[in-house]
Amino acid sequence: MSLTLYNTLTREITPFTPIESGKVGIYLCGATVQAPPHIGHIRSGINFDILRRWLIASGYCVTFIRNVTDIDDKILHNAIHEEMPWWALAQKYERVFTAAYAELNVLPPTYEPRATGHITQMVELIARLIERGKAYAVANGDVYLDVRALDEYLTLSGQKIDDLQSSPDTDELSLSLKKNPQDFALWKSAKPGEPSWPTPWGNGRPGWHIECSAMAQAYLGEKFDIHAGGLDLIFPHHENEIAQSNGAGYPFAQRWLHNAWVTTAGEKMSKSLGNTLRIHELLKRVRGIELRWYLGSAHYRSMLEYSPEALDESAVNFRRIESFLKRAAAQLGKVPERAIADDFAKAMDDDLAVPAALAVISELVRDGNNAATAKDNALLDRKASEVRGALAVLGCDPWDTTWSSNEAGLSDVLSGLVKTLLDEREAARARKDFASADRIRDSITSLGLTIEDTPEGPRWSK
RNA sequence: GGUGGGAUGGCCGAGAGGCGAGGCUCAGGACUGCAAAUCCUGCUACACGGGUUCAAAUCCCGUUCCCACCUCCA
């Protein structure tokens with residue numbers, strides 16, 4: 001039993017073997033902090049958070065790098081639009097991303113490097129590319145990668161240079177300076193009013209792709225295990241990262257993983273389409289743990305077709321599982337431990353087959369509920385532990401402090417009040433005054449609590 | 001034009017030659033003062049047309065439709 005994973009480079013699922021036994025280095029392309037995140041961005045974070053948690057659960061020591069790109073064309077553009085310095089805009093949205101990740105229990109990366117903090121590494125990398133004849137500086141101070149000087153190009157997307165649509169680049173000047181129309185900018189010369197850093201080729205700022213090549217190398221080395229990101233980064237971003245790093249003589253990532261999108265009405269969620277769904281909007285509809293459950297429930301390489309109904313349905317499914325765990329904890333008199341069921345491990349090892357893993361969880365819950373009814377506490381404990389262990393891998397353990405912290409202060413007072421009411425209702429039921437009993441129950445349920453009568457007495461939950 | 005991914009029951013969502021994944025909804029039953037929760041039973045689907053095969057949702061050929069990327073993108 002061992003982990004197999006897809007690799008976009010080969011389009012095959014193959015056994016995962018780390019470069020260094022027991023350790024895994026992962027680089028995930030994080031946010032370009034130019035606007036608030038939508039659920040598609042966060043889905044990517046969740047998909048690869050599940051990968052990370054599963055690797056940890058499997059005994060690996062994981063170094064997880066997720067970058068922040070805090071300088072690019074869009075950031076400069078939006079900063080003008082929002083009438084603030086570009087660095088203020090970048091920081092503002094970085095905080096929004098960080099908060100969204102935290103609300104959905106995405107583990108903070110081992111390190112979160114910012115592009116602007118790694119100009120030195122970028123300049124070194126560009127210099128090396130020029131030395132090796134893979135890149136060239138032009139008269140105005142731009143530096144381009146010469147894609148036809150590479151041994152290989154477009155290995156990830158499977159395209160041919162000549163098949164690419166000619167660039168819609170309207171900048172006639174840069175077009176005339178480039179050796180090939182497909183050459184892309186490693187470094188952009190300074191323009192009036194834009195930020196710039198000094199280099200041997202003059203003042204300027206980074207091109208879009210160079211930061212990831214530089215930062216991945218800085219923290220994970222010249223060769224590392226996994227590079228991940230969204231499907232739409234395959235070309236040009238990841239293709240160009242490979243070009244830059246291989247061109248400089250570095251092996252770079254051994255395996256590439258790409259997550260699919262969240263779609264609405266069959267279309268990709270996109271800032272430019274304006275069909276985005278914000279986290280804080282959805283959190284008015286369901287709890288964070290339920291939104292996380294939903295976003296993590298489809299296979300990472302499958303599109304997830306969003307609808308409010310699908311979200312609600314998924315939340316109902318989660319509550320059944322959560323309700324089982326609460327029932328088990330009450331009956332056992334303790335919170336179950338975390339354990340990994342064999343079938344769950346088998347599903348996760350199969351290229352993170354989360355949907356199959358969810359089927360396993362459903363069976364565990366059914367078995368566990370039967371054990372609870374049969375008062376078989378040993379079996380109940382085992383099933384509950386396996387359910388909790390599975391939820392923990394998916395980042396949805398109800399006892400994870402991420403979810404409980406905001407309820408902590410009120411819980412004692414609240415449960416005391418509810419218990420008082422339930423005691424009155426029990427007294428009414430005992431004297432067969434069902435009208436009063438039902439009135440009390442209605443008053444409690446109208447506040448959004450659920451009352452369940454069990455042989456051991458009433459139980460309530462939110 | 002080039003490259004890639006899709007179409008599965010009322011809905012969501014797996015599977016990739018042979019035992020109805022799973023969930024949600026719905027119907028019936030057990031339990032219950034009534035509910036709720038739980039459990040049991042039921043609802044036999046794979047875009048279309050051909051073909052290969054003892055056997056096809058799965059492989060092959062053709063067709064229709066959808067989506068994405070081709071230098072802004074998770």
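Just so it is clear: chains get the letters A, B, ... in the order the sequence lines come, proteins before strands, and each one is counted from 1. Computed from a predicted model, the values in this text were never measured in an experiment.
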Any donor-acceptor pair under 3.5 Å joining the side chain of [X] to the base of [N]?
| X | N | result |
| --- | --- | --- |
| A:R429 | B:G33 | yes |
| A:R441 | B:C34 | yes |
| A:K74 | B:C72 | yes |
| A:N317 | B:G22 | no |
| A:E313 | B:G23 | yes |

Would you mind classifying the nucleic acid contact of [X] as base, sugar-phosphate or nothing, using non-hydrogen atoms under 4.0 angstrom?
| X | value |
| --- | --- |
| A:D453 | base |
| A:H258 | nothing |
| A:G40 | base |
| A:R439 | nothing |
| A:L154 | nothing |
| A:V262 | base |
| A:D72 | nothing |

Counting N and O atoms only, with roles assigned by atom type, does the side chain of [X] sit under 3.5 Å from a partner on the main chain of [Y], one being a donor and the other an acceptor?
| X | Y | value |
| --- | --- | --- |
| A:S385 | A:A339 | no |
| A:N67 | A:G30 | yes |
| A:E112 | A:P109 | no |
| A:R425 | A:I440 | no |

Rounded to whole angstroms, how far apart are [atom1] on [X] and [atom2] on [N]?
| X | N | atom1 | atom2 | result |
| --- | --- | --- | --- | --- |
| A:N259 | B:A68 | CG | P | 16 Å |
| A:E305 | B:A14 | CD | C1' | 17 Å |
| A:L231 | B:A74 | CG | P | 13 Å |
| A:K432 | B:C34 | NZ | C1' | 12 Å |
| A:H209 | B:C72 | NE2 | P | 8 Å |
| A:Q159 | B:U71 | CD | C1' | 11 Å |
| A:I234 | B:G5 | CD1 | P | 10 Å |
| A:K346 | B:A21 | NZ | C1' | 12 Å |

Side chain of A:E452, heavy atoms from C-beta onward: which of B:A36, B:A68, B:C69 has the nearest atom to it?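 Closest nucleotide to the A:E452 side chain: B:A36.
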
Choose from B:A21, B:A68, B:G13 the nucleotide whose nearest atom is closest to any side-chain atom of A:A298. B:G13

Could you provide the dot-bracket string of RNA chain B, using ( ) for intrastrand pairs, [ ] for crossing pairs and | for bases paired to another strand, with Watson-Crick or G-U pairs below 3.5 Å? (((((((..(((.....[...))).(((((.......)))))....(((((..]....))))))))))))....

Determine the Euclidean distance between corresponding [atom1] atoms of [M] and [N]; express it in Å to zero decimal places.
| N | M | atom1 | value |
| --- | --- | --- | --- |
| B:G20 | B:A35 | C1' | 33 Å |
| B:C48 | B:C11 | P | 15 Å |
| B:U63 | B:G22 | P | 37 Å |
| B:G28 | B:G18 | P | 36 Å |
| B:U53 | B:A57 | C1' | 16 Å |
| B:A36 | B:A30 | P | 14 Å |

Run A:L28 and A:R52 through side chain to side chain contact (heavy atoms under 4.5 Å, CB included) and show every step you take. CA-CA 11 Å; A:L28 170 62; A:R52 181 182 181 187; over 6 Å; no

Considering just the side-chain nitrogens and oxygens of A:K326, establish if one lies under 4.0 Å of OP1 or OP2 belonging to B:A37.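 Looking at the OP1 and OP2 atoms of B:A37, neither is under 4.0 Å from any side-chain N or O of A:K326.
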
Ignoring backbone atoms, establish whether A:S302 has a side-chain N or O less than 4.0 Å from OP1 or OP2 of B:A14. yes

Is the distance between the ring centroids of A:F224 and A:F252 under 6.0 Å? yes

Which of A:Y219, A:F64, A:Y27 passes ring pair (Phe, Tyr, Trp, His ring centres under 6.0 Å) with A:Y111? Answer is A:Y219

On the 0 to 90° scale, with breaks at 30° and 60°, tag the [X]-[Y] ring pair as parallel, tilted or perpendicular.
| X | Y | value |
| --- | --- | --- |
| A:W54 | A:F344 | perpendicular |
| A:F97 | A:H41 | perpendicular |
| A:H238 | A:H227 | perpendicular |
| A:H209 | A:H237 | tilted |

Among A:K74, A:Q34, A:E211, which one satisfies side-chain hydrogen bond (donor to acceptor under 3.5 Å, both in side chains) with A:T69?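 Filter result, single survivor: A:E211.
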
Check: protein-nucleotides 38-42 of chain B nitrogen or oxygen pairs below 3.5 Å:
residue	atom	partner	partner atom	Å
B:U38	O3'	A:N369	ND2	3.2
B:C39	OP1	A:R320	NH2	3.1
B:C39	OP1	A:N369	ND2	3.4

Mapping A:T450 and A:L358 to their closest nucleotides on RNA chain B, which lands nearer the 5' end? A:L358

Let me spell it out: for each of A:G158 and A:N240, pick the nucleotide of RNA chain B with the closest heavy atom. Which residue's pick is nearer the 5' end?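 Result: A:G158.
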
